[in-house]
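To start, the structure itself, in structure tokens.
Numbers restart at 1 for each chain; the letters A, B, ... are given by sequence-line order, proteins then strands. These numbers come from the heavy atoms of this one structure, side chains and all, not from hydrogens, waters or symmetry mates. Treat the numbers as computed from the prediction; the structure is a model and nothing was measured.
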Number of protein chains: 2
Amino acid sequence: MSRTIKVLLAEDQSMVREALAALLGLEEDIEVVAQVARGDEVLAAARAHDVDVALLDIEMPGCTGIEAAARVHRELPRVKLVVLTTFGRPGYLRRAMEAGADAFLVKDAPAAQLAEAIRKVLAGERVIDPTLAAAALAEGANPLTEREREVLRAAADGSTNAELAAALHLSQGTVRNYLSTAIQKLAVRNRAEAVRVAREKGWL
Amino acid sequence: MSRTIKVLLAEDQSMVREALAALLGLEEDIEVVAQVARGDEVLAAARAHDVDVALLDIEMPGCTGIEAAARVHRELPRVKLVVLTTFGRPGYLRRAMEAGADAFLVKDAPAAQLAEAIRKVLAGERVIDPTLAAAALAEGANPLTEREREVLRAAADGSTNAELAAALHLSQGTVRNYLSTAIQKLAVRNRAEAVRVAREKGWL
DNA sequence: CGTCCCGTATGACATCTGTCATCCGGTACT
DNA sequence: AGTACCGGATGACAGATGTCATACGGGACG
């Protein structure tokens, strides 16, 4: 009756990627037909191998798994999308869902959930950790504007105001204004804390 | 003629841990006899299962894989130690070796190297990525004193001088002095950069 | 014994950062 | 037409941060 499920695996750490492939290889009905290590190779590989499900890590070079998910969702809407991540950040979940993901798993969930999630999304179900879903809903939307996010991202490595101003083509005063409003919105006391909190929430 | 190799797997993310177990399970001569998710459970599990090799992730709750390695090395010197990490930080390699590790692998190395490394350490060999080894030697030793490290670690989350002083039972001026010297030793321009650089080098 | 480094501390100083009020031009919604 | 919000900017001010000189007691090492 049903053929095996063709899976694309996107994860930058080869040891983890191949280990996950070995894990999925143990399942009778699942076959990993393609592996990529970069976000920007996902779409082409998914198309070339006519996969049923794409399993995407978020943190990858090239582009994030969320961006890759959005592209696949647009170009190959038939492909089911499972997003897998180290960090259970509510903002990630929200963005993954907006990008068209069908399942969202964190890497410290039991391994059995992986194959299970793949089967469920193919059956049309959505798979989301209920705790995370609650957290994502509870915390509300990202209060930062696009510019504030940019400045905060750029400030994350310890750049000074002068460097930020130069890099973003803004005046130093404007940089300080954005950081100041971001600091207030996040209810913290300096840029370093703002970066940390925004990161933790997946807003960065 | 030799029995199977008994391996202990220590890694906090269960999906990754079980995937690695699946990967090693494919090898005829290797058997994963124990899995733990915390650094502070390594020693007891290694002893209880009389393992030949312990495969240790560095980033774990309880204690780091490096600390766990040091304990096992002291208590069960017969057990070979393979340290596995996401981050190829030269300082990590150095500390792992000082803790008695026999092999040091990064997670973005090919999966085949894992089983290979396990066999090699049992044969008495040491397994280290040559590029990393060179980097570790090239960058020299950690220039920070113990106190400077502590202050930098505490400052990493965005705490202010006043909070650091209170937390570490120091005067504010002393905190500033330590941060200032750390900033100079790392040749950067503020605490945020100092934290970033020290992290990247594995000195934190 | 002298020298060096570490941990700790102070005070003074310059610079950086964060806040606030205020302004302008554009867009979007009512 | 009015209001609200965003991106962008300025100037003034207070407080935080980074630098430097200097000091003292304790190990370590020659």
Lys/Arg-Asp/Glu bridge criterion (N-O < 4.0 Å) met for B:K107, A:D12: no
Taking NZ, NE, NH1 and NH2 as the nitrogens, is one of them in A:E200 or A:R196 under 4.0 Å from a carboxylate oxygen of the other?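 Yes, charged N to carboxylate O under 4.0 Å.
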Does anything in residues 165-175 of chain B pair up under side chain to side chain donor-acceptor pair (under 3.5 Å), and if so which pairs, sequence neighbours excluded?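 Output for this query lists B:S171-B:T174.
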What pairs meet the side chain to side chain donor-acceptor pair (under 3.5 Å) rule with one or both residues in residues 62-74 of chain A, with sequence neighbours excluded? none
Under a 4.0 Å heavy-atom cut-off, which of residues 197-204 of chain B touch DNA chain D?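 Within this stretch, nothing sits under 4.0 Å of the strand.
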Residues in side-chain contact (heavy atoms from CB on, under 4.5 Å) with [X], at least two apart?
| X | answer |
| --- | --- |
| B:A69 | B:L56, B:L81, B:A99 |
| A:R17 | A:L9, A:E11, A:S14, A:Q35, A:A37 |
| B:E75 | B:L43, B:R47 |
| B:E27 | B:D29, B:I30, B:A115, B:R119 |

Taking only residues at least two apart or on different chains, which pairs with a member in residues 171-184 of chain A satisfy salt bridge (Lys or Arg N to Asp or Glu O under 4.0 Å)?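 Qualifying pairs: none.
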Estimated bend of the helix from C:dC1-D:dG30 to C:dT30-D:dA1 (axis per five terminal pairs, rounded to 10 degrees):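 Roughly 30° between the end axes, to the nearest 10°.
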Within the distance-only criterion (no hydrogens, no angle test), does the side chain of B:R78 pair as donor or acceptor with the backbone N or O of B:V51 below 3.5 angstrom? yes
For a quick check under 3.5 Å, do A:N161 and A:R191 share a side-chain donor-acceptor pair by atom type?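 Indeed, the side chains of A:N161 and A:R191 share at least one donor-acceptor pair under 3.5 Å.
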If a protein heavy atom is under 4.0 Å from the base, mark B; if only from the sugar-phosphate, S; if neither, -; do that for nucleotides 8-23 of chain D going 5' to 3'. BBB-B----BBBB---
Under 4.0 Å from a heavy atom of chain A: give me the 5'-most and 3'-most nucleotides of DNA chain C that qualify.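 Endpoints of the contacted stretch of DNA chain C: C:dT17 to C:dC20.
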Listed pairs under 3.5 Å, donor-acceptor, residues 84-92 of chain B side chains, sequence neighbours left out:
from  : atom 1 : to     : atom 2 : distance (Å)
B:T85 : OG1    : B:F87  : N      : 3.1
B:R89 : NE     : B:R199 : O      : 3.2
B:R89 : NH1    : B:Y92  : OH     : 3.2

